[in-house]
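First up is the structure itself, then whatever we jot down about it.
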Amino acid sequence: MLNLELNELIWQVVAAIPYGRVLSYGQVAKSCGYPNHARYVGTTLKMLPEDTRLPWHRVVNAKGEISFPVNSEAYKRQISLLEKEGVIFKKGKLSFENYGVKY
DNA sequence: GTTGTGACTACCA
DNA sequence: ATGGTAGCCACAA
């Protein structure tokens with residue numbers, strides 16, 4: 001495919017998200033230099049193997065919500081991974097305390 | 001070329 | 001706050 005370069009950038013950015021923090025799809029896209037590719041970030045993460053070590057769960061939508069249908073398997077999987085990292089959810093949304101790549 | 005679909009967003013009523 | 005909408009972009013029919 002044509003965007004292998006972009007895919008690598010995306011993986012790199014996602015891999016760099018520190019433990020316990022999250023980024024939005026839009027932010028990941030922007031970090032790659034493609035501010036309008038938020039959707040494509042999701043498309044890319046979708047094709048990851050199950051045993052990937054990439055912290056894909058640290059990517060949420062701009063509203064701070066999980067971009068999966070509530071109660072779907074993927075939704076529950078992502079929530080549990082995040083909570084395991086100390087990320088706090090209130091009514092399906094997370095607080096901006098966890099947002100961004102601070103050090 | 002057109003149309004529809006997504007792990008998206010920003011804007012507006 | 002909430003729902004609709006119009007951009008957005010890659011991809012598959």
Sticking with atom P, work out how far B:dA7 lies from C:dG7, rounded to a whole angstrom.
23 Å
Under a single-linkage definition using a 4.5 Å side-chain heavy-atom cutoff for Ile, Leu, Val, Met, Phe, Trp and Tyr, are A:Tyr19 and A:Tyr99 assigned to the same hydrophobic cluster?
no
Expressed as a whole number of Å, how far does the P atom of C:dC9 sit from that of B:dC11?
16 Å
DNA chain B-proximal residues of residues 22-34 of chain A, any heavy atom under 4.0 Å
A:Ser24, A:Tyr25, A:Gly26
What is the distance, to the nearest angstrom, from the CE atom on A:Met47 to the P atom on C:dA10?
13 Å
Donor-acceptor contact present, side-chain A:Thr44 to main-chain A:Tyr40, <3.5 Å
yes
Starting at the 5' end of DNA chain C and moving along, which residue's nearest nucleotide shows up first, A:Thr43 or A:Arg39?
A:Arg39
Pair A:Arg21 + A:Glu85, salt bridge at N-O below 4.0 Å
no
Expected list for residues 74-92 of chain A near DNA chain B, using heavy atoms below 4.0 Å, is none
In whole angstrom, give me the gap between the P atoms of C:dT5 and B:dG4.
16 Å
Looking at A:Ile79, A:Ile66, A:Leu81, which hits side chain to side chain contact (heavy atoms under 4.5 Å, CB included) with A:His57?
A:Leu81
State, yes or no, whether a side-chain contact exists between A:Pro55 and A:Arg58 at a heavy-atom distance under 4.5 Å.
yes
Reported NZ-to-CG distance for the pair A:Lys63 and A:Leu94, which is rounded to 0.5 angstrom
12.5 Å
Taking everything shown except A:Gln12 itself, do over 12 heavy atoms lie less than 6.0 Å from its CD?
no
Pick the P atom in C:dA6 and in B:dT3, then give their distance to the nearest Å.
16 Å
Which of these, A:Arg77, A:Gln78, A:Lys76, sits in a side chain to side chain contact (heavy atoms under 4.5 Å, CB included) with A:Phe68?
A:Gln78
Within the distance-only criterion (no hydrogens, no angle test), does the side chain of A:Ser72 pair as donor or acceptor with the backbone N or O of A:Pro69 below 3.5 angstrom?
yes
Of A:Asn36 and A:Lys93, the one whose nearest nucleotide on DNA chain C sits closer to the 5' end is A:Lys93
When you compare the side chain of A:Tyr34 with that of A:Val41, does any pair of heavy atoms fall below 4.5 Å?
no
Other residues, nucleotides, ligands: >12 heavy atoms within 6.0 Å of A:Ile88 CD1:
no
Segment of DNA chain B, first to last nucleotide, that comes within the 4.0 Å heavy-atom reach of chain A
B:dG6 to B:dA10
